[in-house]
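Here, residue 1 is the first one in the sequence, and each next residue gets the next number. Scope of the values below: all heavy atoms of this structure, side chains included, with no hydrogens, waters or symmetry mates. Just so it is clear, the structure is predicted and the values come from calculations on it, not from any experiment.
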Amino acid sequence: MGQRFLDLRDLSHYYGAFPALQGVTLQLPPGRVGLLGPNGAGKSTLLKILMGLIPPSSGTGWVFDVPLADDRDPAANRRLRQLIGFMPEADALIPGLTGLEYVALAGELYGMPRAQAQRRAHEVLGFLGLEEARYRPVEGYSLGMKQRVKLAQALVHDPVVLLLDEPTSGLDPAGRDAFLRLIEELGRDHGKSVLLSTHLLADVQAVCEYVVILAGGRVRGEGTVSQLCARRHDRFRIRYQGDPQRFRQALQAKQIRLLEEADAGEFRVAVPDNWTNRRFFELALATGGVIRCLVQDDETLEELFLRLIGN
């Protein structure tokens, strides 16, 4: 196996007696990874550990072969923080600074000389479409501009890893789509490894090549979207010709769960154990209709997510 973007071994973290992370083990190749989980899943704690802000209570880990925070090795901690760019969910903006000053300050905090930080701030703000707004105070920015300037400060030192915490939070649909395309471009065309932490499944599906589902401080599932949502024996799509209402009632009488119903007699269903496909045709015949199409179906990422965190 090649170099790993993230390698965690039995990582745990406790706040007092409360386990925020429990035995997290992951080996992820470079690329765009979605860290998906509900509030309280442990996502923020994991991001803090990866940035070197807090050490794990137990376990070990590496980000591109750089070890996680260790009070005994400050040099490794500096390398870790230079390797990573972090975009927080909260505003984290400094009133009174212009966009250029804010991003250049972030560059200096990452260890860049002042002249280099200012030059890079100009470049990154231009790349993100904020060239005309760079001399304006950040508190006067729109929400979309604030999200972009937060991304700019994460990019200013040209890190190989981006940790993005709820990056589309509060954006309107057009702004959200544009921001997701930007994240995809950074990973695909600029070689950034991205860890996108969110509870929005659609964001993960739009940009990520790999998904990690975290709930209750534990990894509940991981894999590509296609691997995680592989066809299940109990999911079917049906196209029925006849009286849709009678057929729907017949399905429900057999404890078949209706997942989705479209116009013109199209149904998506989940069947109970020991169900056979022949019984669909028997139900259609009994309701005076005909099955025109019957195919096994994928589980959606939302269904998978709810099933895994429910367990």
Side-chain angles (χ1 to χ4, degrees), residues 31-39 41 168-169 171-181 183-185 187-188 196 198-215 219-311:
R32 302 184 302 278
V33 178
L35 180 62
L36 189 59
N39 292 333
T168 64
S169 178
L171 295 179
D172 61 38
R176 177 176 162 271
D177 289 345
F179 208 90
L180 291 173
R181 287 195 299 271
I183 294 170
E184 185 177 21
E185 180 185 346
R188 185 190 63 234
L196 172 60
T198 184
H199 65 280
L200 300 175
L201 287 82
D203 285 9
V204 171
Q205 287 182 300
V207 237
C208 296
E209 304 161 292
Y210 200 88
V211 183
V212 175
I213 296 176
L214 194 68
V219 174
R220 306 293 181 174
E222 61 170 302
T224 65
V225 173
S226 58
Q227 287 171 341
L228 288 172
C229 299
R231 280 179 166 77
R232 288 167 53 92
H233 72 280
D234 64 342
R235 297 286 196 277
F236 292 90
R237 287 192 179 271
I238 306 167
R239 188 178 303 128
Y240 170 83
Q241 183 178 325
D243 184 339
Q245 184 173 353
R246 288 189 65 193
F247 188 62
R248 183 193 319 112
Q249 291 171 347
L251 292 171
Q252 292 171 336
K254 297 296 183 182
Q255 285 74 53
I256 293 174
R257 190 155 49 94
L258 191 65
L259 302 174
E260 181 183 336
E261 182 176 358
D263 294 335
E266 294 188 1
F267 299 89
R268 183 166 177 269
V269 300
V271 300
D273 292 339
N274 302 318
W275 181 264
T276 62
N277 291 354
R278 178 186 178 90
R279 298 177 69 184
F280 283 124
F281 295 91
E282 292 172 349
L283 287 178
L285 182 63
T287 55
V290 177
I291 299 289
R292 290 298 184 188
C293 180
L294 176 66
V295 292
Q296 206 167 10
D297 194 33
D298 291 346
E299 183 176 37
T300 68
L301 187 58
E302 181 178 6
E303 290 167 346
L304 171 79
F305 177 68
L306 293 174
R307 177 167 59 84
L308 290 177
I309 67 171
N311 289 340

Distance from [X] atom [atom1] to [Y] atom [atom2], nearest 0.5 Å?
X    : Y    : atom1 : atom2 : value
T168 : L196 : OG1   : CG    : 7.5 Å
F236 : I256 : CZ    : CD1   : 9.5 Å
L258 : Q252 : CG    : CD    : 6.0 Å
R268 : R237 : CZ    : CZ    : 5.0 Å
D203 : R176 : CG    : CZ    : 4.5 Å
L201 : L306 : CG    : CG    : 7.5 Å

With sequence neighbours excluded, residues passing salt bridge (Lys or Arg N to Asp or Glu O under 4.0 Å) with R257:
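Result, salt bridge (Lys or Arg N to Asp or Glu O under 4.0 Å) vs R257: none returned.
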Sequence neighbours excluded and cut-off under 3.5 Å, please list the side-chain donor-acceptor pairs for residues 273-283, or say none.
residue	atom	partner	partner atom	Å
R278	NE	E282	OE2	3.2

Is there a donor-acceptor contact under 3.5 Å from the side chain of R220 to the main chain of A215?
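Indeed, once roles are kept as given, a pair shorter than 3.5 Å links the two residues.
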For the backbone of G289 and the side chain of Q241, can you confirm whether one donor and one acceptor N or O come within less than 3.5 Å of each other?
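The answer is no, because no donor-acceptor pair under 3.5 Å joins these two groups.
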Only one of V204, L200, L308, V212 clears side-chain contact (heavy atoms from CB on, under 4.5 Å) with L36; which?
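Looking at V204, L200, L308, V212, the match for L36 under the side-chain contact (heavy atoms from CB on, under 4.5 Å) is V204.
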side-chain contact (heavy atoms from CB on, under 4.5 Å), paired with V269, selected from L259, D234, I238
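Single pass found, and it is I238.
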What's the shortest heavy-atom distance between [X] and [Y], and which atoms?
X    : Y    : answer
G37  : F305 : CA-CE1, 3.9 Å
F267 : R248 : CE2-CB, 4.1 Å
E266 : R239 : OE2-NE, 3.5 Å
A270 : R235 : CB-NH1, 3.7 Å
Q205 : L301 : CG-CD2, 3.4 Å

Would you indicate whether the side-chain heavy atoms of I213 and V219 approach each other to under 4.5 Å?
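They are not in contact (no side-chain heavy atoms under 4.5 Å apart), so the answer is no.
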Quick one: does T224's side chain get under 4.5 Å of Y210's, heavy atoms only?
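Heavy-atom side-chain distance check passes, below 4.5 Å.
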